[in-house]
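Written out below as structure tokens is the structure these notes cover.
Chain letters run A, B, ... following the sequence lines, proteins first and then strands; every chain starts at 1. As the structure is a prediction and not an experimental result, all values here were calculated from the model.
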Number of protein chains: 2
Amino acid sequence: MLSNACKYAIRAMIYLASRQSEDVKVNIRDISAEVDSPEPFTAKIMQALSKQGFVSSLKGPTGGFYLETKQAETTLLEIVKAIDGTQVLDGCGLGLKTCSDAHPCPIHQEYSHVRQHFNDMLENNTIIGLAQAMHGSNSVLKNILTI
Amino acid sequence: MLSNACKYAIRAMIYLASRQSEDVKVNIRDISAEVDSPEPFTAKIMQALSKQGFVSSLKGPTGGFYLETKQAETTLLEIVKAIDGTQVLDGCGLGLKTCSDAHPCPIHQEYSHVRQHFNDMLENNTIIGLAQAMHGSNSVLKNILTI
DNA sequence: ACAGAAAAAGATAAATTTATCTTAAATTTG
DNA sequence: CAAATTTAAGATAAATTTATCTTTTTCTGT
């Protein structure tokens, strides 16, 4: 559904949010270790997120990546759009360029509903919300991450 | 959501179903022209569908691909499983290997619902059903295909 | 039997995604 | 200021998906 790059991005941002209170910058090594993603590839993705303003960063010793309060409010939808684009969010289920409400493909209606469901889910979940939900739950990420 | 290969496969099978009544075998040239897919790539995909019993074929002049009555009853779910595998149907939304009901990732619940919705849609639609629904509608495929 | 038509199979190539490596720039600390 | 650390940026490589090409096999019609 989502590309690896996008999944890594989301996981990384949730991790950053979970450490937001510490007021500490996290380096790539820590991020990729905790999030279980290849280090140099993760660096590239963090770079992209940084360039687009989804995360903040600082170079040099004690530098690294971190989230500002506002950035932690980012929805999954925004991240998906930024990393994977909108194809998965609004494209035809059968890949037909000319598919539309007026000229629907055979699965247009039903697929639109599924897609809408997916969109809603992404839009209704913020990074900070997911990070907080992990506290006190037995979430997978909680075991991988060190909260 | 689905790979190109899978979309081509579904479109091709709908096309075959739409010509099923003619009791005619359709060659690759016709299929890829009507379905708007690259010819040699489509040939590969049809080969795979044939090898797995989703379509029938006959070599030689007047040969080509066709559907038997039972094959037209194939659901989209079966095709997706055969071409794309089950990852998109049951994999974790964030790509975590250890995600499960017992140890859910932060979006586990909501993502499971979306996925289930997608699964249901695929399972409730047969190739023949979609082909028939196109008759008398203004479906996109109907304009591309020659029914 | 023969010629032509078509799928099957296998090898190859292009494009994209995923991943890595190397160098440069910035920042902190001693 | 110098050294160490870290992101940024750019070049390269591997893997996968997408696409093409070539040869072989099978079948039909004459």
Is there a side-chain polar atom (N or O) of [X] under 4.0 Å from OP1 or OP2 of [N]?
X	N	answer
A/S57	D/dT6	no
A/Y8	C/dT18	no
B/S50	C/dA7	no

Rounding to a whole Å, what distance do you find between [X]:[atom1] and [N]:[atom2]?
X	N	atom1	atom2	value
A/F41	D/dA8	CZ	P	16 Å
B/F65	D/dT26	CZ	C1'	13 Å
A/M46	C/dA19	CE	P	16 Å
A/I28	C/dA26	CD1	P	18 Å
A/I45	D/dT7	CD1	C1'	15 Å
B/N4	C/dA14	CG	C1'	14 Å
A/K7	C/dT17	NZ	C1'	13 Å
B/D30	C/dA5	CG	C1'	13 Å

Residue [X], side-chain atoms from C-beta onward, closest of [options]:
X	options	answer
B/P40	C/dA7, D/dT20, D/dA8	D/dT20
B/T62	D/dT20, C/dT18, D/dG29	D/dG29
B/K59	C/dA19, C/dA6, D/dT5	C/dA6
A/N27	D/dA9, D/dT7, C/dA9	D/dT7
A/K44	D/dG10, D/dC27, C/dA7	D/dG10

(message) Taking the nucleotide of DNA chain C with the nearest heavy atom to each, does A/L58 or A/C6 sit closer to the 5' end?
(response)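 Of the two residues, A/C6 wins.
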(message) If you assign each of A/G60 and A/A5 to its closest nucleotide in DNA chain C, which residue comes earlier from the 5' end?
(response)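 That would be A/A5.
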(message) Just verifying a value: how many Å separate A/L130 CG and A/L76 CG, rounded to the nearest 0.5 Å?
(response)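 The distance works out to 5.5 Å.
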(message) Does any part of the side chain of A/L94, heavy atoms only, come nearer than 4.5 Å to the side chain of A/P106, both counted from C-beta?
(response)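 Of all side-chain heavy-atom pairs linking A/L94 with A/P106, at least one is under 4.5 Å.
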Establish, from distance only, whether the side-chain atoms of [X] and [Y] form a donor-acceptor pair under 3.5 Å.
X	Y	result
A/T42	A/S37	yes
A/R11	A/Y15	no
B/T126	B/T75	no

(request) Using a 4.0 Å heavy-atom cut-off across all strands, classify A/P38 as base, sugar-phosphate, or nothing. (result)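 If one applies the 4.0 Å heavy-atom cut-off, A/P38 turns out to touch the sugar-phosphate alone, with no base involved.
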(message) Any base atoms under 4.0 Å from A/V55, or only sugar-phosphate, or nothing? Heavy atoms, all strands.
(response)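 It contacts nothing in the nucleic acid.
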(message) On DNA chain D, compare the nucleotides closest to A/P61 and A/Q47; which residue's is nearer the 5' end?
(response)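 Result: A/P61.
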(request) Mark yes or no for whether A/E110, through its side chain, and A/I107, through its backbone, hold a donor-acceptor pair below 3.5 Å. (result)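 Pair absent, no side-chain N/O of A/E110 close to backbone of A/I107.
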(request) Spell out, as yes or no, whether a donor-acceptor pair under 3.5 Å connects the side chain of B/N138 to the backbone of A/H103. (result)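 Looks like no, no N/O pair under 3.5 Å.
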(request) With axes from five pairs an end, tell me the bend angle of the helix from C/dA1-D/dT30 to C/dG30-D/dC1, nearest 10°. (result)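 Rounded value for the end-axis angle: 0°.
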(message) I'd like to know if B/M46 and B/Y66 are part of one continuous hydrophobic network [Ile/Leu/Val/Met/Phe/Trp/Tyr, side-chain heavy atoms within less than 4.5 Å].
(response)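 Different clusters.
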(request) Indicate, yes or no, whether a donor-acceptor pair under 3.5 Å links the base of C/dA19 to the side chain of A/E39. (result)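 Flag unset: no donor-acceptor pair detected.
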